[in-house]
Amino acid sequence: MSVDQLILAILALPLLGAFFNGVFGKNLPNVLVGSIATGVMFLSFALAVIVFGSQSEEKIVHLFSLITTKDFSLNARIQVDALSMWMTLIVTGIGALIHLFSMGYMKKDAGYYKFFTYLNLFIFAMLILILGSNYFMLFFGWEGVGICSYLLIGFHYSDVQKGMLNGIAARKAFIMNRIGDLGLLIGLFLILDQFGTLEYSELSAAMLIEANQPTVWVLFTITMCLFIGATGKSAQIPLFTWLPDAMAGPTPVSALIHAATMVTAGIFLVVRSNFFFELAPMTQEIMLYIGLVTSLVAAFIALRQNDIKKVLAYSTVSQLGLMFVALGMGAYTAVIFHVTTHAFFKALLFLGSGSVIHAMSDEQDIRKMGGLKKFIPITHLTFLIGTLAIAGFPFLSGFYSKDEILAHAIMHSSIIYTFLMLSVALTAVYMFRLYFLVFHGNFRGSEETKNHLHESPWNMTIPLLVLAVLSIFGGILNLPGIVFHSCKQWLSHYLNYNTDGLNLVETEHLSNYDSILLMSAAVALTLIILLVSFFYYVKKGKLAKEDSSWKGWEIASGNKLYFDEIYNFLFVKPIEWLAKSSYQFMEIMVLNKSISGLVGAISRSGLIVRKWQSGIIANYLFWMVLGIIGLVVYYLLKF
Amino acid sequence: MDALIVVFLTGLICMFIAMAKKPVYVLITAVVGLMLAIGLLLSQWFNPPLFQLNYEGLEFTKIGILFSSLALLFTFLIIIGGYSYFKKEVEHTGEYISLLLFSSVGAVCMIAFTDLFMFFLGLEILSIPIYVMVGSSKKDLLSAEASLKYFFTGAFSTGILLFGIAWVYGATGSFQLKEIEVAISEGSASGPLLSIGILMIMSASLFKVSAAPFHFWSPDVYQGSPNAVTGYMASVIKLVGMFAFLKLFTVTFGDMYSLWSGALYGLIVLTMFIGNLSAIGQTKFKRLMAYSSIAHAGYALIAIMSQEPGSDWNLWNYMFSYGFSILTLITISIVLDDKEDEFSSYKGIGRKNPFIGFMLVLSLFSLAALPPMAGFFGKFMVFSSAFNDYPMLVIFAIINSGIGVYYYLTFVIAALSKPEDDSLVPVLKPSILQYIVLVICAIALLTAGFFVV
Amino acid sequence: MELLLAPLFVALLLAVVPKQFVRLAGIIGTLVILGITIGHVVTFSPNNVVSVFDPNATTKFGLTFKMGYDGIGLFMVILTNALIPVILLSNFNRSIAHEKSFNAMVLFMQFAMTGLFLAMDGIVFYVFWEMTLIPIFLILLWFGAPERKVILTKFFVYTFVGSLGMLLSLIALSRLTDDFSYESLLAIKLVPKSAFWIMSGFFLAFAIKIPVFPFHTWQPDTYTVAPVAGTMLLSALMLNMALFGMVKWMIPIAPEALNQMKFLIISLGIIGVVYAGVIAIKQQDIKRIFAYASISHVGLITAGIMLFNTEALSAVFLQIANHSLVAIGLFLAAGILENRLNTRDLCQMGGIAKVAPKFAFWFAVTAFASMAVPFTSGFIGEFLLLKGLFSYHWIVGILAGSTLVFGAIYTLRAYQLSMYGAPKTSGFEDLKWNELVAFVLLSAVIVLLGIFPQIVLDFVGPSLDKIVTTIQTSKIQIK
Amino acid sequence: MVLATIFQNGVSIDFYIVLSTILFVIGVVGVMIRRNAIILLMCIELMLNAVNLLMVAFSTYFGKSDGQIFVFFIMVVAAAEATVGLSILVMAYRNIRTTDVGIFNKLKG
Amino acid sequence: MNLETFAIIMGGLTIGSALMVIISKNPVKSVLFLVLTFFFISGNYILMNAQFIAAVNIIVYAGAIMVLFLFVLMLLNLSKENEPKNSVFVKFAALVAGGILFTVLIAALKDGLVIAAATVDQSDSIGLVENLGQILFTKYVLPFEISSVLFIAAMVGAVLLGKREKQLID
């Protein structure tokens, strides 16, 4: 099979799976449904690996033309290059694992077949997003993943207690994404207006020629619009509040969509558009600061969250913020690297938490957990690996990727580096808090729950183990070159021709000495926090505080810095007020009343006119005489 | 001329045949006579008439032939559609029908006149039998009242008309339309005498077509008179009045256009508004028809206002569609035969009797100028002929059409909606004759608009 | 000609069919008509103008009776004729389907609409335009909710008054031309002032029927009291006539006023998009929500028409098709809810997804199509329209784009309040076969057009090109 | 003849125009102020006579006899009208027992 | 006494008796004043050399029509002064309207009368029976004949309305 057909197969397999499960899944046994869904994912992944291995240069596969008008055409095309293939690998790979995990996790769910349909559909949309050769395809997939995300967040919509709430969370996610989408769409229009095409290759080629470059302001607007789109999907300030709420969905969904893949679409967008962003330094600055603030804010909020998934969600937001900081500094390959490792360990963490929740009979509150390491050893182990990875424990994947970003930061500005270090430290703090509270100490849940505690089945633990391995060794992909010179910065090199933009940026690297210095600082920080946490939670046996005993910053953190309330006050309430008042005032009072007023006036004047019709002959004759008088007077006046 | 004689003779014969106390014979005679008359009229379109007299008081132009045959056709439809009413009192059937026939003699005179003698006589022959017919249901108090009102206002307007004729005579020295026209165009007659005379004649003509402020009689009289007579007044008298108006004012007094057009403009606007506004909120069917006929008089007068050539054709089309619509409605009300004439008694009629419902929709929407019914085309032609000179007038008329549709619609809704108690709604059984009338009307309303070549 | 007369013939035929077969006969009849239409579509080449009827006569007032179709006309005809069987089908199990009068009126309406789309003469257009009012009015009157009468009067009078505006414009035009054939009307050269008034007259008629803000107040009320089938006819088919009329008649006849009116109409359209979108957010009545949604969507289409370039107009036709499909789907869903729960109040619904999963799924598909998500027909159309509007002015583009957000808010709200949560009622029956088939057919077309919008574009493109270039070359430059 | 035409003897036509106008207006006023139907009818006759007077005056003034012929027809019509009017009146009287036109106001609005 | 004075006196008397018609409270008096008015008008006709019309006027109007009126008055027993009075306001309004009508008509005439020139020689004979008969039966024979329709219609109508219905006898 040629690459064209393979790539098509990669795309088509999830779709076929979704279609098959969607149509026939209802009447098939769950095992079969799950196996098919998972099977196509693994197959897809395998094909992706083949393509990845065989394809070395950029290739565009033309499928069909969506629209052709005189001015432009929008085509369904696939672009096979390093970036897209790398992302494909992540998506299909992690996707396959999470599918496998879901087979166990969702076992007892009534909507089993639906779940896998949606998941497959999601993978399909995500693949379109990353494989498309133009912004239009990207937008296509972009919206597609939004819907799948919506469907999956609100998956338990008919839950007796939380059905509506799940729905509201899903809606919130969708609408916030839509706001970002609008920004993206406008960016697309601007691009189309300026260049007349949406193809990446044509655009980047056009941008290379100075004469074709639009003015700074236009470029700024374009990039800002794209960035707004990215903030929506990648949960950055101001559009980040949907992501924690999105945890209402089943845990595998959180792992796949809201940690590993979909939320990185914004990152992908910026990396893809590097040829624009490189020439828009102002946007880069904005991106950098927004990323930084997001990272800190999210990390801060995560400190006092008690829902295991919420902690992970804020951690995701924080990590994404980190990535945007890196993007703001133009460190595209570093970001992709971090995306990759983040996908590994965050998926791992989420799946681990899923396993915990599974074991805890759907309890998510960490205050009711504790001491779980005895009961679910595999989960414990893998979760620990994930925690260490995200906290930047030496030689785990997170360590390398985070380090690379930090290295860029210190080259950029030491203040940013400081803040980033703060963010990293906070990450370690809340992650260790989470870990210790869940797995150490005494079990704090009910007896009933305790009796049900059990390790997850094989199809859930295998993905955990695989991801754990990846989390450990993921760093190999892009070693900083201190240890093995031969595979130094492999990923960066691989991605280079996609991401070096206009060849304007020379990717600098710190000297080995500086690198080691930085690394040691980070490692020291992590280790200190690890030790302190260990003493604090395990030795002193501190527990998570009750909400009522929060003080000072804890209140702010626990209440998510009141973002929801502020948004509610600033946007939701005014719009609802506007909706109500414009209905009541404009629609009923002004428009309807003006019509009915007109009608009323007409019929009232009808009543007046009818009064003249008194029924008395003398009056009629009188009117006639008046008519004649009128005519004569008319004559007198006019002639 | 020969048609005139035939109609008159038919009327006479009817009276005598009625002595046999067999209403059917009267009907057959009237039908045959009218058809003969219409045939003779139409044959004049191609050939010279059989009788030719020295006196030229009557002249049948082509448009005159059309108008008079239409008037006779309307009379014909009224007679057969209202037959169920006429035969109720056997001893009067002959009188009813012959009075209508005599009246239609007047109608033809009033269409074909060439001097004011025939105009005046035609007007009176047209009106006097109808004064009687309005009061013909003698036990009915309202009928008597209507008759009295019609008579007094009518006689009063006759006085005004004669006063106007006298002044015009004084100014021009003649009763011949041709001579008057010449006198006016030569300018030898201009002056207050002529102007006031013309305005007086206009007042009387406006009375006949029931335009404001000379319209007051029509709602009362329409309501009070028997249904068939209302139909006759709304169709034939209005048609004839309009044509006489047109003939007098666009031809004879055509050179005084600047005088009467201004006055007519204002009165048309007044008429349309009064007619339509008063019609809103009416609960009596025939009263509604009366107000709508007032409004329609306003629209039709626009044809007379317009100085475009062919306004007589436009008027003919307009009156054609209007007449058939009214005849349909009147026939239905004859079929329903409701003394109270309230809207409420029409509730659900159309739903229970689909054909009647169909005809109701057809005629009411034709009145409201909804295509493809003929009413739309009539209105369209009239309005478009006047738009160039009087855009504002046309806009007023259009606004009024908008108001008008409201009350037609209320009636349609009442007639077509499902009644609460289905058993109360009668199943109507129109006679064969009424079916014929309705079918003729339906064909006319549906197709006429398209064949104005 | 058989294209035009077939519906009338079927309508008459339905009057004599025995009552128990009438609903079947209705569907078969419409399918036959659809077959005839497909025959025309297959033999049609988009560059042509096919004359259907031309007696070569002119009446006294300039009526030429000319009828024919070009790409856009035939597109509208096929859209109408394809959707009417679906509408009949979706109402197949309701009592309304057994009514002769209902079936006959739908067919009669089909006849009138076909005539309208085929009209090549101003008067013929107007005649059919008004003729459509009668069947829909009767359907609403006979089968609507009990409180309908006042609202129906408002609807009828409102739309009628609107069309009087068009009548006035035609009357004004009658002075300037010998006959009303399309070519003669296009050939008229107007001074800008009179062009402005003539276009305003047309716009009044179209704006009320579409409806465009602020002429929309009849619409939510009417949609709520109408029977489901009536709402479908109104929202999916009736307003297409107005949009079609704007493209084919209003602008080509008075293009001199295009630049004057452009700003005004686009503003009204955009205000409608935002205004209706905002209002829909807090409505409790599900039909009302969809009614406002419809106003919002067509506001966008209206604004798009005024851009008057081939690209935007192609998108307009795509959106017309999309809006029709979606409207039928949404109102079918609303009708099912209303029918089985006896309420339209969202607060009294909930949890239906659990008891009626099939319904929930297909309703969701339609709802997503309404939100213009990818793979549905709305996506491309909306994309192109927004792009066009954005090029016109960026503020307009952004405001219009808010439909993405508002659309998501109100559609999802309506969907979730009715479908999500714990079931509040028991015994909610899932989709019947006919409803299922209707949903499947609609969704199939929605997805088909979502992936291959080019078929629509190719179909209408040449005709639109012709219209646009005629105007550009002969009369004015479009700014 | 005893009298040569009056207009050759100093009486202007204006005199008769004014005279007949006065008579006409008296008739009109009478119609408006009286309520007895018979008197109303009489006032209308008075109006017609005013017209007759004017017609004859013009006819004599012009020396054309058609004016007088017209007067003749007016009389014919007046007679017919009076007949019909009185019979309507009698019929109404039978129904309501009054000739007061003010009573006839059941039809209105 | 010249003709002018005579005409003025005649006119004055006509107006006076006409006024009495509308002023008299008793209907019978009104009828009699109307008859008187007709006589005065006939006098005017004679002044204008219209002898035939004068005669016909007296015969038809005073003789026939007014007798009919009187007859009906007596038949309906309306001779008493029982006519209900219009309110003062109505009378006042009617008088004002009449006054205005008169004023505006005269005001219109004040602009200057233009009357068709008396082209024909004002012969004395036009008002005579012979002359009128000649014209009536030649030039105006058609209206003459047509007026028969009028009379028949009026007759039939009068019979139709006047005939007592059987049921109405009480």
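Sequence lines set the chain letters: A, B, ... in the order given, protein chains first and strands last, and positions in each chain run from 1. When reading the values below, keep in mind they use all heavy atoms of this one structure, side chains included, and skip hydrogens, waters and symmetry mates. Note that this is a predicted model, so its numbers are computed, not measured.
- Of all heavy-atom pairs between D:T83 and E:A158, the closest is CG2-CB, 3.9 Å.
- With rounding to the nearest 0.5 Å, the separation of OH in E:Y45 from CG in D:N52 is 4.0 Å.
- Atom-to-atom distance recorded for D:S59:OG and E:L132:CG is 7.5 Å, nearest 0.5 angstrom.
- For E:F38, the part lying under 4.5 angstrom from a heavy atom of chain D is the side chain only.
- For the set E:V159, E:V21, E:N57, the count of heavy-atom pairs under 4.5 angstrom toward chain D peaks at E:N57.
- Both the backbone and the side chain of E:V31 come within contact range of chain D, each with at least one heavy atom under 4.5 Å from a heavy atom of that chain.
- Contact record, E:G98 with D:V29: CA-CG2, 3.6 Å, taken as the closest heavy-atom pair.
- For the atom pair CE of D:M42 and OG of E:S24, the computed distance is 8.0 Å after rounding to the nearest 0.5 Å.
- Contact tally against chain E (heavy-atom pairs below 4.5 Å) for D:N49, D:I38, D:V56: the top residue is D:N49.
- Most heavy-atom pairs under 4.5 Å with chain E: of the set D:V31, D:V28, D:L46, this distinction falls to D:L46.
- Neither the backbone nor the side chain of D:I103 has a heavy atom closer than 4.5 Å to any heavy atom of chain E.
- Contacts of E:F71 with chain D are absent, with no heavy-atom separation under 4.5 Å from either backbone or side chain.
- Ranked by heavy-atom pairs under 4.5 Å with chain E, the list D:T98, D:I69, D:V25 is led by D:I69.
- Heavy-atom pairs under 4.5 Å with chain D peak, among E:F52, E:F144, E:F92, at E:F144.
- Contacts between E:L105 and chain D at a heavy-atom distance below 4.5 Å involve the side chain alone, from C-beta outward.
- Judged by distance alone, with hydrogens and angles left aside, the side-chain atoms of D:Y93 form a donor-acceptor pair with the main-chain N or O of E:L76 at under 3.5 Å.
- For D:S87 against E:L161, the heavy-atom pair with the smallest separation is OG-CD1, 4.0 Å.
- Contact of the E:L150 side chain with the D:F73 side chain is not registered, since no non-hydrogen atoms from C-beta on lie closer than 4.5 Å.
- For the pair D:C43 and E:I22, the tightest heavy-atom approach, listed with the atom from each and the gap, is SG-CG2, 3.6 Å.
- Taking E:F39 as the reference, nothing meets the ring pair (Phe, Tyr, Trp, His ring centres under 6.0 Å) condition, with sequence neighbours excluded.
- Considering OG1 of E:T14 and CG of D:L23, their distance stands at 6.0 Å, rounded to 0.5 Å.
- Between the CZ atom in D:F72 and the CD1 atom in E:I135 there is a gap of 12.5 Å [rounded to 0.5 Å].
- Across D:A57, D:G102, D:A50, D:A82, the residue that shares the most heavy-atom pairs under 4.5 angstrom with chain E is D:A57.
- In this structure, D:I33 and E:A94 approach most closely via the heavy-atom pair CG2-CB, 3.3 Å.
- Taking every heavy atom of both residues into account, E:A7 and D:Y16 meet most closely at CB-OH, 4.1 Å.
- Taking a 6.0 Å sphere around NZ of D:K108, one finds it holds 12 or fewer heavy atoms contributed by other residues, nucleotides or ligands.
- When heavy atoms are compared at a cutoff of 4.5 Å, D:V77 approaches chain E by way of both its backbone and its side chain.
- Of residues 63-70 of chain E, those residues lying under 4.5 Å from chain D by any heavy-atom pair are E:I65, E:M66, E:L68, E:F69.
- Of the inter-residue distances, the one linking D:L53 atom CG with E:N44 atom CG reads 5.0 Å to the nearest 0.5 angstrom.
- Residue E:S30 touches chain D through both its backbone and its side chain, counting heavy-atom pairs closer than 4.5 Å.
- Proximity to chain E (any heavy atom under 4.5 Å) is shown, for D:V76, by both the backbone and the side chain.
- At a 4.5 Å heavy-atom cutoff, the contact between E:I53 and chain D is made by backbone and side-chain atoms alike.
- Between chain D and the options E:A153, E:G11, E:G157, E:G12, heavy-atom pairs under 4.5 Å are most frequent for E:G11.
- Interface residue E:I23: only backbone heavy atoms are found under 4.5 Å from chain D.
- The residue among D:M75, D:M91, D:E45 with the most heavy atom pairs within less than 4.5 Å of chain E is D:M75.
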